Amino acid sequence: MNLVLKMLFYPSPKLTISKEEEIRFNHLYEIALQTPDKLIHYTIPIPKYKFLYYLAMKKPIIFHGSNNKTIDCFEPGDQTQYNGKLVNAVFATKDPIWPVFFATLQKEKIIGDIRNASLSADRDKAFHFYSLTKETLANQPWDSGMIYILPKEPFNYLGEGSIQFNEWISNDPVLPLAKLKVNPSDFFFYNKVATHRAGESILKSWLLYKLRTR
């Protein structure tokens with residue numbers, strides 16, 4: 001199944017964290033936990049997706065990306081899962097790249113639908129897919145946003161079946177542990193966002209995704 005996903009989508013980058021980077025990342029995170037605003041002041045010349053990857057691998061945390069930079073508490077709300085099921089919950093992901101898409105894409109600029117995913121066949125290697133309507137892309141939808149780092153404990157993983165979406169939900173309110181400001185340039189797949197026509201079948205979007213981003 002990984003071969004099929006590789007044919008259709010882009011894999012997460014292969015990353016290694018040096019001991020020096022690990023020390024710097026951990027220092028940034030621990031300082032933020034102790035500050036009143038919980039903001040991570042990211043001043044080091046290392047891509048932020050690498051820092052988020054470190055947190056995902058080493059800390060009991062999970063991510064939520066949002067345009068709203070001032071969320072103090074996440075309350076459950078009506079949401080639609082990847083399988084179309086309606087739930088009242090807080091959504092998050094363990095993937096360090098996917099939430100940056102939601103953080104930097106302005107919801108009010110969306111025209112039609114958006115299509116995106118972090119997919120896996122083995123809960124290890126992730127594959128990514130991002131597509132907007134041409135009208136949305138022409139609407140200059142990108143802006144800065146916030147990655148909220150949440151405790152993993154209240155969340156449950158939704159993935160099931162041969163292909164799984166990296167979605168997690170909590171039915172209870174969740175307080176952020178820390179937060180990181182991100183810009184469109186921090187989105188690893190910024191140059192791999194395709195365009196589709198509103199109403200187009202999702203299968204067509206998948207099949208044409210790589211062709212449209214070359």
Side-chain angles (χ1 to χ4, degrees), residues 9-10 37-42 47-49 51-52 62-119 128-150 155 158 165-171 173-202 204-206 208-209 212-213:
F9 311 125
Y10 292 105
D37 63 2
K38 305 297 183 182
L39 183 64
I40 296 170
H41 295 279
Y42 200 87
K48 290 178 182 175
Y49 66 80
F51 170 65
L52 295 173
I62 204 161
F63 305 113
H64 181 100
S66 176
N67 298 146
N68 188 341
K69 303 182 183 72
T70 59
I71 300 175
D72 295 320
C73 178
F74 286 89
E75 298 286 347
D78 289 339
Q79 307 271 2
T80 303
Q81 297 176 197
Y82 68 90
N83 57 9
K85 181 181 177 181
L86 186 67
V87 295
N88 186 265
V90 178
F91 268 62
T93 181
K94 191 70 174 174
D95 190 291
I97 293 176
W98 196 14
V100 184
F101 172 75
F102 291 104
T104 56
L105 180 66
Q106 300 178 78
K107 290 182 179 179
E108 65 271 16
K109 296 291 187 72
I110 296 172
I111 300 173
D113 60 355
I114 64 173
R115 298 177 175 186
N116 59 94
S118 169
L119 299 160
H128 294 257
F129 162 68
Y130 303 96
S131 187
L132 306 173
T133 62
K134 292 182 179 180
E135 293 79 6
T136 296
L137 206 57
N139 211 20
Q140 299 181 339
W142 306 107
D143 200 358
S144 62
M146 196 71 75
I147 297 296
Y148 290 91
I149 300 163
L150 311 176
F155 287 88
L158 291 180
F165 285 67
N166 199 323
E167 287 186 347
W168 300 65
I169 62 169
S170 170
N171 299 117
V174 184
L175 296 174
L177 297 172
K179 56 186 179 181
L180 175 70
K181 185 178 179 181
V182 290
N183 297 302
S185 59
D186 297 314
F187 178 40
F188 186 82
F189 291 107
Y190 177 76
N191 292 319
K192 298 297 183 185
V193 177
T195 58
H196 64 272
R197 293 182 179 179
E200 176 181 283
S201 72
I202 188 64
K204 183 177 180 179
S205 296
W206 286 357
L208 295 179
Y209 175 54
R212 287 169 170 173
T213 54

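None of these values were measured; they are calculated from a predicted model.
Counting heavy atoms from C-beta on, the side chains of Leu119 and Phe165 come closer than 4.5 Å. Between Phe155 and Val90, some side-chain heavy-atom pair lies under the 4.5 Å cut-off. Using a 4.5 Å cut-off on side-chain heavy atoms (C-beta onward), Trp98 and Tyr130 make contact. Side chains of Leu158 and Trp168 form no contact here, defined as non-hydrogen atoms less than 4.5 Å apart. The closest side-chain heavy-atom distance from Phe189 to Phe101 is not below 4.5 Å. No side-chain heavy atom of Val100 sits less than 4.5 Å from a side-chain heavy atom of Tyr49. At least one side-chain heavy atom of Pro173 sits under 4.5 Å from a side-chain heavy atom of Glu75. At a threshold of 4.5 Å between non-hydrogen side-chain atoms, the residues Tyr190 and Ser185 do not count as touching.
The minimum heavy-atom distance between Pro76 and Asn88, with the atom names listed, is CB-OD1, 3.3 Å. Taking both residues in full, the closest heavy atoms of Lys204 and Arg212 are given as CE-NH2, 4.2 Å, listed atom of the first, atom of the second, then distance. The two residues Ala198 and Thr133 come nearest to each other via the heavy atoms N-CG2, 4.2 Å. Heavy-atom minimum distance, Thr136 versus Pro141: O-CD, 3.3 Å. Nearest heavy atom pair, residue Asp95 against residue Pro99, reads O-CD, 3.0 Å. When all heavy atoms of Leu177 and Lys38 are compared, the closest pair comes out as O-CD, 3.3 Å.
Side-chain atoms of Asn166 never come within 3.5 Å of backbone atoms of Thr93 as a donor-acceptor pair (strictly under, hydrogens ignored). Looking at Thr104, its side chain never comes within 3.5 Å of a backbone N or O of Trp142 through a donor-acceptor pair.
Between Tyr42 and Phe51, the ring-plane angle classifies as tilted under the 30° and 60° cut-offs.
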Please lay out, stage by stage, how His196 and Ser205 fare under the test side chain to side chain donor-acceptor pair (under 3.5 Å). CA-CA 7 Å; His196 64 272; Ser205 296; 4.8 Å; no
Residue pair Phe187, Val193: steps toward the side-chain contact (heavy atoms from CB on, under 4.5 Å) verdict: CA-CA 10 Å; Phe187 178 40; Val193 177; 3.9 Å; yes
Intermediate values then yes/no, side-chain contact (heavy atoms from CB on, under 4.5 Å), Leu132 and Leu105: CA-CA 10 Å; Leu132 306 173; Leu105 180 66; 3.9 Å; yes
For ring-ring contact (aromatic ring centres under 6.0 Å, His included), just list the numbers for Tyr209 and Tyr10, CA-CA rounded to whole Å, side-chain angles, deciding distance to a tenth of an Å, and then say yes or no. CA-CA 10 Å; Tyr209 175 54; Tyr10 292 105; 5.5 Å; yes
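Here the CG atom belonging to Asp72 is positioned 10.5 Å from the CG atom belonging to Asp37, to the nearest 0.5 angstrom. Between Asp143 atom CG and Glu108 atom CD the span is 8.5 Å, to the nearest 0.5 Å. Atoms CZ and OG1, on Phe9 and Thr213 in that order, are 11.0 Å from each other to the nearest 0.5 Å. The distance from the CD1 atom of Ile40 to the CE atom of Met146 is 10.0 Å, given to the nearest 0.5 Å. Between the CD1 atom in Ile149 and the CG atom in Leu180 there is a gap of 6.0 Å [rounded to 0.5 Å]. Note that CG of Leu150 is 7.5 Å distant from NE2 of His64, once rounded to the nearest 0.5 Å.
For Lys107, the NZ atom sits in a loose shell: 12 or fewer heavy atoms of surrounding residues, nucleotides or ligands are nearer than 6.0 Å. Sparse packing is recorded around NZ of Lys181, with 12 or fewer heavy atoms of other residues, nucleotides or ligands lying under 6.0 Å away.
Tested against Ser144, the residues Asn183, Asn67, Val182 include a single side-chain contact (heavy atoms from CB on, under 4.5 Å) partner, Asn183.
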